[in-house]
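Below: one structure, written as C-alpha coordinates.
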Amino acid sequence: MKALVLSSLSGIQALSIKEWPEPVAKPGETLVRVTAAGLNFADIMTTKGGYPGMPAPPVVVGREFSGAEESTGRRLMGYAQWGAFAESTCAYSNMLWPVPDEWSNEQAAAFPVNYFTAYLGYWQAGMTNPAPAGRTHRVLIHAVAGGVGTAAVQIGRLLGVDMYGTSSSDEKLARVKELGLQHGINYKRHDYEESVKNLTRGEGVDAVFEMLGGEHTAKSLRCLRDFGKVIQYGTASGMQPKLDVRALYAKSASVQGLWLTYLSQKSEIIVPAWEHLSKWIKGGKLTPQIGQVFEFEQAIEAYKLLEEGKNYGKLILKIA
Ligand SMILES: NC(=O)c1ccc[n+]([C@@H]2O[C@H](COP(=O)([O-])OP(=O)(O)OC[C@H]3O[C@@H](n4cnc5c(N)ncnc54)[C@H](OP(=O)(O)O)[C@@H]3O)[C@@H](O)[C@H]2O)c1
(Lines give C-alpha, C1' and ligand atoms only; values in the text may rest on other atoms or scores of the structure.)
Protein backbone atom coordinates (compact mmCIF):
# COMPACT_ATOMS: atom_id res chain seq x y z
CA MET A 1 0.00 0.00 0.00
CA LYS A 2 1.00 3.69 -0.30
CA ALA A 3 1.86 5.40 3.00
CA LEU A 4 3.42 8.67 4.17
CA VAL A 5 6.59 7.60 5.93
CA LEU A 6 8.85 9.63 8.25
CA SER A 7 12.39 8.34 7.74
CA SER A 8 14.18 10.42 10.42
CA LEU A 9 13.34 13.05 13.05
CA SER A 10 14.69 15.89 10.91
CA GLY A 11 11.49 17.73 10.01
CA ILE A 12 9.09 17.81 7.09
CA GLN A 13 11.80 17.01 4.50
CA ALA A 14 12.10 13.54 6.07
CA LEU A 15 8.58 12.68 4.86
CA SER A 16 7.86 10.81 1.63
CA ILE A 17 5.21 8.55 0.15
CA LYS A 18 6.50 4.98 -0.01
CA GLU A 19 5.32 1.43 -0.57
CA TRP A 20 4.70 -0.06 2.89
CA PRO A 21 3.36 -3.44 4.11
CA GLU A 22 -0.40 -3.61 4.76
CA PRO A 23 -1.14 -3.53 8.51
CA VAL A 24 -2.76 -6.56 10.17
CA ALA A 25 -5.40 -5.97 12.85
CA LYS A 26 -4.56 -7.27 16.34
CA PRO A 27 -7.29 -8.14 18.86
CA GLY A 28 -9.24 -4.97 19.73
CA GLU A 29 -8.30 -3.33 16.42
CA THR A 30 -10.23 -2.73 13.19
CA LEU A 31 -8.77 -2.59 9.68
CA VAL A 32 -9.98 0.50 7.81
CA ARG A 33 -9.49 1.41 4.14
CA VAL A 34 -8.64 5.10 4.45
CA THR A 35 -10.30 7.64 2.15
CA ALA A 36 -9.29 10.95 3.77
CA ALA A 37 -7.08 12.08 6.64
CA GLY A 38 -6.87 15.20 8.81
CA LEU A 39 -3.59 17.03 9.37
CA ASN A 40 -2.87 18.16 12.93
CA PHE A 41 -0.27 20.44 14.46
CA ALA A 42 0.91 17.33 16.33
CA ASP A 43 1.92 15.88 12.94
CA ILE A 44 4.33 18.80 12.47
CA MET A 45 5.78 18.27 15.96
CA THR A 46 6.12 14.55 15.24
CA THR A 47 8.46 15.15 12.27
CA LYS A 48 10.98 16.75 14.67
CA GLY A 49 10.60 14.12 17.39
CA GLY A 50 8.56 16.51 19.49
CA TYR A 51 5.66 14.19 20.17
CA PRO A 52 5.79 11.70 23.05
CA GLY A 53 5.13 8.00 22.50
CA MET A 54 6.09 7.76 18.81
CA PRO A 55 8.01 4.67 17.66
CA ALA A 56 11.45 5.32 16.13
CA PRO A 57 11.50 6.05 12.36
CA PRO A 58 10.86 4.79 9.81
CA VAL A 59 7.20 5.09 10.76
CA VAL A 60 3.88 5.76 9.00
CA VAL A 61 2.57 9.07 10.33
CA GLY A 62 -0.95 10.50 10.76
CA ARG A 63 -3.45 10.41 13.60
CA GLU A 64 -6.90 11.09 12.18
CA PHE A 65 -8.83 9.62 9.25
CA SER A 66 -12.09 8.53 7.68
CA GLY A 67 -12.72 5.44 5.60
CA ALA A 68 -14.55 2.16 5.34
CA GLU A 69 -14.28 -0.81 7.67
CA GLU A 70 -12.63 -3.59 5.61
CA SER A 71 -14.97 -6.35 6.82
CA THR A 72 -18.33 -4.52 6.49
CA GLY A 73 -17.82 -1.40 4.34
CA ARG A 74 -19.28 0.70 7.20
CA ARG A 75 -18.15 4.35 7.04
CA LEU A 76 -16.00 5.25 10.04
CA MET A 77 -13.92 8.15 11.34
CA GLY A 78 -11.07 7.45 13.69
CA TYR A 79 -8.31 8.70 15.97
CA ALA A 80 -4.91 7.04 16.25
CA GLN A 81 -1.40 8.02 17.33
CA TRP A 82 0.29 7.12 14.04
CA GLY A 83 -0.37 5.08 10.88
CA ALA A 84 -3.35 7.05 9.52
CA PHE A 85 -1.72 8.59 6.42
CA ALA A 86 -1.87 5.36 4.44
CA GLU A 87 -4.26 3.47 2.20
CA SER A 88 -5.09 1.15 5.13
CA THR A 89 -4.77 1.57 8.87
CA CYS A 90 -5.50 -0.52 11.95
CA ALA A 91 -7.09 1.50 14.74
CA TYR A 92 -8.34 0.66 18.21
CA SER A 93 -12.00 -0.24 17.70
CA ASN A 94 -13.05 2.07 20.57
CA MET A 95 -11.42 5.02 18.78
CA LEU A 96 -13.72 4.67 15.74
CA TRP A 97 -17.07 6.40 15.34
CA PRO A 98 -19.78 6.14 12.63
CA VAL A 99 -19.73 8.86 9.96
CA PRO A 100 -22.97 10.86 9.78
CA ASP A 101 -24.70 10.09 6.43
CA GLU A 102 -24.71 13.72 5.34
CA TRP A 103 -20.97 14.25 5.91
CA SER A 104 -18.34 13.84 3.19
CA ASN A 105 -15.25 11.72 3.85
CA GLU A 106 -13.26 14.95 4.14
CA GLN A 107 -15.58 16.38 6.81
CA ALA A 108 -15.42 13.11 8.76
CA ALA A 109 -11.61 13.20 8.70
CA ALA A 110 -11.77 16.71 10.20
CA PHE A 111 -13.84 15.69 13.20
CA PRO A 112 -12.20 13.51 15.90
CA VAL A 113 -9.20 15.53 17.15
CA ASN A 114 -10.71 19.00 16.82
CA TYR A 115 -14.12 18.32 18.28
CA PHE A 116 -13.09 16.03 21.13
CA THR A 117 -10.31 18.44 22.14
CA ALA A 118 -12.58 21.48 22.01
CA TYR A 119 -15.42 19.69 23.82
CA LEU A 120 -13.05 18.49 26.58
CA GLY A 121 -11.73 22.05 26.93
CA TYR A 122 -15.24 23.23 27.77
CA TRP A 123 -15.79 20.19 29.99
CA GLN A 124 -12.58 20.86 31.95
CA ALA A 125 -13.55 24.52 32.26
CA GLY A 126 -16.94 23.52 33.71
CA MET A 127 -18.79 25.06 30.77
CA THR A 128 -20.71 21.99 29.63
CA ASN A 129 -22.92 22.82 32.63
CA PRO A 130 -24.99 26.01 32.62
CA ALA A 131 -23.45 29.17 34.11
CA PRO A 132 -24.72 30.30 37.53
CA ALA A 133 -27.92 32.40 37.36
CA GLY A 134 -27.28 35.90 36.01
CA ARG A 135 -23.88 34.93 34.54
CA THR A 136 -22.66 33.86 31.10
CA HIS A 137 -19.54 31.71 30.69
CA ARG A 138 -16.76 33.58 28.90
CA VAL A 139 -13.86 31.98 27.04
CA LEU A 140 -10.80 33.31 25.19
CA ILE A 141 -9.84 30.96 22.34
CA HIS A 142 -6.36 31.30 20.84
CA ALA A 143 -5.86 30.35 17.13
CA VAL A 144 -9.64 30.65 16.87
CA ALA A 145 -9.60 30.17 13.08
CA GLY A 146 -7.63 26.91 13.28
CA GLY A 147 -8.86 23.33 13.49
CA VAL A 148 -9.51 23.16 17.24
CA GLY A 149 -10.46 26.87 17.28
CA THR A 150 -13.30 26.59 14.74
CA ALA A 151 -14.62 23.49 16.54
CA ALA A 152 -14.49 25.41 19.85
CA VAL A 153 -16.54 28.23 18.32
CA GLN A 154 -19.27 25.89 17.05
CA ILE A 155 -19.46 24.10 20.41
CA GLY A 156 -19.28 27.37 22.39
CA ARG A 157 -22.21 28.72 20.41
CA LEU A 158 -24.28 25.64 21.30
CA LEU A 159 -23.32 25.99 24.98
CA GLY A 160 -24.25 29.70 24.99
CA VAL A 161 -20.70 30.84 25.80
CA ASP A 162 -19.52 34.41 25.22
CA MET A 163 -16.42 33.87 23.05
CA TYR A 164 -13.31 35.99 22.47
CA GLY A 165 -10.92 34.66 19.82
CA THR A 166 -7.46 35.58 18.52
CA SER A 167 -6.05 35.30 15.01
CA SER A 168 -3.35 36.96 12.90
CA SER A 169 -5.83 37.77 10.13
CA ASP A 170 -9.02 39.85 9.75
CA GLU A 171 -10.06 37.60 6.88
CA LYS A 172 -9.86 34.48 9.07
CA LEU A 173 -11.72 36.28 11.89
CA ALA A 174 -14.54 37.27 9.52
CA ARG A 175 -15.03 33.60 8.62
CA VAL A 176 -15.09 32.50 12.27
CA LYS A 177 -17.60 35.23 13.12
CA GLU A 178 -19.97 33.51 10.68
CA LEU A 179 -19.70 30.42 12.89
CA GLY A 180 -20.76 32.40 15.97
CA LEU A 181 -17.62 34.05 17.37
CA GLN A 182 -18.79 37.26 19.05
CA HIS A 183 -15.44 39.03 19.68
CA GLY A 184 -12.56 38.63 17.21
CA ILE A 185 -9.15 40.02 18.16
CA ASN A 186 -6.41 40.46 15.55
CA TYR A 187 -3.30 40.06 17.72
CA LYS A 188 -1.09 41.62 15.03
CA ARG A 189 -2.89 44.92 15.54
CA HIS A 190 -4.19 44.68 19.12
CA ASP A 191 -2.81 43.41 22.40
CA TYR A 192 -5.26 40.63 23.29
CA GLU A 193 -4.83 41.16 27.02
CA GLU A 194 -5.88 44.81 26.62
CA SER A 195 -8.73 43.87 24.28
CA VAL A 196 -10.14 41.28 26.70
CA LYS A 197 -9.86 43.76 29.55
CA ASN A 198 -11.73 46.43 27.58
CA LEU A 199 -14.37 44.11 26.14
CA THR A 200 -15.18 42.59 29.56
CA ARG A 201 -15.14 45.92 31.44
CA GLY A 202 -12.05 44.80 33.33
CA GLU A 203 -13.62 41.55 34.57
CA GLY A 204 -11.80 39.01 32.38
CA VAL A 205 -12.86 35.58 31.09
CA ASP A 206 -13.61 32.33 32.94
CA ALA A 207 -11.27 30.25 30.79
CA VAL A 208 -8.59 30.57 28.14
CA PHE A 209 -7.96 27.78 25.61
CA GLU A 210 -4.17 28.27 25.42
CA MET A 211 -2.05 26.41 22.83
CA LEU A 212 0.82 28.85 22.25
CA GLY A 213 3.07 28.46 25.31
CA GLY A 214 5.97 30.78 26.19
CA GLU A 215 4.87 34.11 27.60
CA HIS A 216 1.29 33.52 26.36
CA THR A 217 0.57 31.26 29.32
CA ALA A 218 1.31 34.09 31.78
CA LYS A 219 -0.48 36.61 29.57
CA SER A 220 -3.54 34.35 29.25
CA LEU A 221 -3.59 33.98 33.03
CA ARG A 222 -3.83 37.76 33.27
CA CYS A 223 -6.96 37.61 31.05
CA LEU A 224 -8.81 35.52 33.65
CA ARG A 225 -11.43 36.64 36.11
CA ASP A 226 -11.43 35.26 39.67
CA PHE A 227 -11.33 31.43 39.92
CA GLY A 228 -10.66 31.27 36.17
CA LYS A 229 -8.77 28.49 34.39
CA VAL A 230 -6.13 28.47 31.67
CA ILE A 231 -6.59 25.21 29.78
CA GLN A 232 -3.09 24.55 28.42
CA TYR A 233 -3.28 22.16 25.49
CA GLY A 234 -0.34 23.00 23.25
CA THR A 235 2.88 24.97 22.69
CA ALA A 236 2.70 26.02 19.03
CA SER A 237 5.27 28.80 19.70
CA GLY A 238 7.80 26.05 20.49
CA MET A 239 8.46 27.70 23.88
CA GLN A 240 7.84 26.14 27.28
CA PRO A 241 4.89 27.82 29.04
CA LYS A 242 6.03 30.62 31.38
CA LEU A 243 4.10 31.13 34.56
CA ASP A 244 4.31 33.34 37.62
CA VAL A 245 2.72 31.10 40.26
CA ARG A 246 2.08 34.15 42.47
CA ALA A 247 -0.33 35.37 39.78
CA LEU A 248 -2.42 32.26 40.51
CA TYR A 249 -2.86 33.25 44.18
CA ALA A 250 -4.08 36.69 43.24
CA LYS A 251 -7.23 35.36 41.56
CA SER A 252 -7.49 31.80 42.95
CA ALA A 253 -6.87 30.87 39.33
CA SER A 254 -5.46 27.65 37.91
CA VAL A 255 -3.66 26.26 34.88
CA GLN A 256 -4.83 22.83 33.81
CA GLY A 257 -3.39 20.59 31.10
CA LEU A 258 -5.46 18.85 28.44
CA TRP A 259 -4.07 16.03 26.31
CA LEU A 260 -6.41 14.08 24.06
CA THR A 261 -3.94 11.19 23.72
CA TYR A 262 -4.31 10.59 27.47
CA LEU A 263 -8.00 11.41 27.89
CA SER A 264 -9.03 9.27 24.90
CA GLN A 265 -7.97 6.18 26.89
CA LYS A 266 -10.60 6.95 29.53
CA SER A 267 -13.94 5.56 28.38
CA GLU A 268 -15.74 7.28 31.30
CA ILE A 269 -14.74 10.60 29.69
CA ILE A 270 -14.81 9.84 25.96
CA VAL A 271 -18.11 7.94 25.83
CA PRO A 272 -20.23 10.75 27.41
CA ALA A 273 -18.33 13.33 25.31
CA TRP A 274 -19.27 11.40 22.13
CA GLU A 275 -22.92 11.09 23.32
CA HIS A 276 -23.11 14.86 23.73
CA LEU A 277 -21.34 15.57 20.42
CA SER A 278 -23.39 13.03 18.47
CA LYS A 279 -26.66 14.63 19.65
CA TRP A 280 -25.48 17.90 18.14
CA ILE A 281 -24.33 16.10 14.96
CA LYS A 282 -27.75 14.46 14.56
CA GLY A 283 -29.34 17.90 14.91
CA GLY A 284 -27.09 19.17 12.08
CA LYS A 285 -25.42 21.62 14.47
CA LEU A 286 -21.74 20.78 13.91
CA THR A 287 -20.00 21.26 10.58
CA PRO A 288 -16.25 20.51 10.43
CA GLN A 289 -14.47 23.46 8.82
CA ILE A 290 -12.18 22.45 5.98
CA GLY A 291 -9.66 25.02 4.80
CA GLN A 292 -8.16 23.04 1.93
CA VAL A 293 -8.10 19.51 0.52
CA PHE A 294 -4.77 18.20 -0.81
CA GLU A 295 -4.08 15.16 -2.97
CA PHE A 296 -2.01 12.57 -1.05
CA GLU A 297 1.00 13.38 -3.28
CA GLN A 298 0.79 17.03 -2.10
CA ALA A 299 1.02 16.10 1.61
CA ILE A 300 4.28 18.03 2.16
CA GLU A 301 2.63 21.23 0.90
CA ALA A 302 -0.14 20.78 3.46
CA TYR A 303 2.42 20.27 6.24
CA LYS A 304 4.23 23.47 5.20
CA LEU A 305 1.01 25.51 5.19
CA LEU A 306 0.11 24.34 8.71
CA GLU A 307 3.67 24.89 9.98
CA GLU A 308 3.54 28.47 8.71
CA GLY A 309 0.18 29.01 10.45
CA LYS A 310 -1.48 29.99 7.16
CA ASN A 311 -4.38 27.55 7.40
CA TYR A 312 -8.04 28.20 8.10
CA GLY A 313 -9.79 25.26 9.81
CA LYS A 314 -8.61 21.79 8.95
CA LEU A 315 -6.23 20.70 6.18
CA ILE A 316 -7.26 17.39 4.62
CA LEU A 317 -5.30 14.80 2.65
CA LYS A 318 -7.29 12.83 0.07
CA ILE A 319 -5.94 9.30 0.35
CA ALA A 320 -8.21 7.29 -1.97
N1 LIG B 1 -3.48 18.67 23.81
C2 LIG B 1 -4.18 18.10 22.86
O3 LIG B 1 -4.75 17.03 23.03
C4 LIG B 1 -4.28 18.79 21.53
C5 LIG B 1 -5.18 18.33 20.57
C6 LIG B 1 -5.28 19.04 19.37
C7 LIG B 1 -4.47 20.14 19.14
N8 LIG B 1 -3.60 20.51 20.09
C9 LIG B 1 -2.76 21.71 19.92
O10 LIG B 1 -3.62 22.75 19.55
C11 LIG B 1 -2.97 23.66 18.71
C12 LIG B 1 -3.80 23.87 17.46
O13 LIG B 1 -3.77 22.67 16.71
P14 LIG B 1 -4.50 22.54 15.32
O15 LIG B 1 -4.07 21.23 14.74
O16 LIG B 1 -5.93 22.83 15.49
O17 LIG B 1 -3.78 23.67 14.47
P18 LIG B 1 -4.44 24.98 13.90
O19 LIG B 1 -5.00 25.76 15.03
O20 LIG B 1 -5.34 24.60 12.78
O21 LIG B 1 -3.19 25.71 13.26
C22 LIG B 1 -2.33 26.46 13.98
C23 LIG B 1 -2.80 27.92 14.03
O24 LIG B 1 -2.19 28.48 15.16
C25 LIG B 1 -1.90 29.83 14.93
N26 LIG B 1 -0.53 30.09 15.37
C27 LIG B 1 -0.18 31.00 16.28
N28 LIG B 1 1.11 30.94 16.51
C29 LIG B 1 1.63 29.98 15.70
C30 LIG B 1 2.93 29.48 15.48
N31 LIG B 1 4.00 29.94 16.15
N32 LIG B 1 3.09 28.50 14.55
C33 LIG B 1 2.03 28.01 13.87
N34 LIG B 1 0.76 28.43 14.08
C35 LIG B 1 0.56 29.42 14.97
C36 LIG B 1 -2.14 30.12 13.44
O37 LIG B 1 -3.37 30.84 13.34
P38 LIG B 1 -3.38 32.47 13.38
O39 LIG B 1 -2.52 32.91 12.26
O40 LIG B 1 -4.82 32.77 13.18
O41 LIG B 1 -2.86 32.85 14.73
C42 LIG B 1 -2.35 28.73 12.85
O43 LIG B 1 -3.28 28.73 11.79
C44 LIG B 1 -1.56 23.09 18.48
O45 LIG B 1 -0.68 23.69 19.38
C46 LIG B 1 -1.75 21.62 18.80
O47 LIG B 1 -0.55 21.01 19.19
C48 LIG B 1 -3.48 19.86 21.26
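Residue numbers count from 1 along this sequence. Just so you know, ligand 1 is whichever comes first in the structure, and atom 1 is the first atom listed for that ligand. In this text, all values refer to a predicted model and were calculated from it rather than measured experimentally.
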For residues 155-163, which side-chain N or O atoms pair as donor and acceptor with protein atoms under 3.5 Å away, sequence neighbours left out?
unit_1: R157; atom_1: NH1; unit_2: L179; atom_2: O; d: 3.2
unit_1: D162; atom_1: OD1; unit_2: H183; atom_2: NE2; d: 3.0
unit_1: D162; atom_1: OD2; unit_2: Y164; atom_2: OH; d: 2.7

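In this structure, W274 and W97 have tilted ring planes: the angle between them lies in the 30° to 60° band.
Paired with K314 under the rule side-chain hydrogen bond (donor to acceptor under 3.5 Å, both in side chains), one option of Q289, E64, Q292 passes, and it is E64.
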**OP:** Tell me, with the steps shown, if Q265 and I269 meet side-chain contact (heavy atoms from CB on, under 4.5 Å).
**Re:** CA-CA 9 Å; Q265 303 309 307; I269 292 172; over 6 Å; no
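Applying the ring-ring contact (aromatic ring centres under 6.0 Å, His included) test to W123 and every residue at least two apart in sequence or in another chain returns nothing. When the ring-ring contact (aromatic ring centres under 6.0 Å, His included) test is applied to H190, no partner is found at least two apart in sequence or on another chain.
Using a 4.0 Å heavy-atom criterion, the residues that approach ligand 1 are N40, F41, M45, V113, T117, A143, G146, G147, V148, S167, S168, K172, Y187, M211, L212, Y233, G234, A236, S237, L258, W259, L260, L306, E307, G309, N311, G313.
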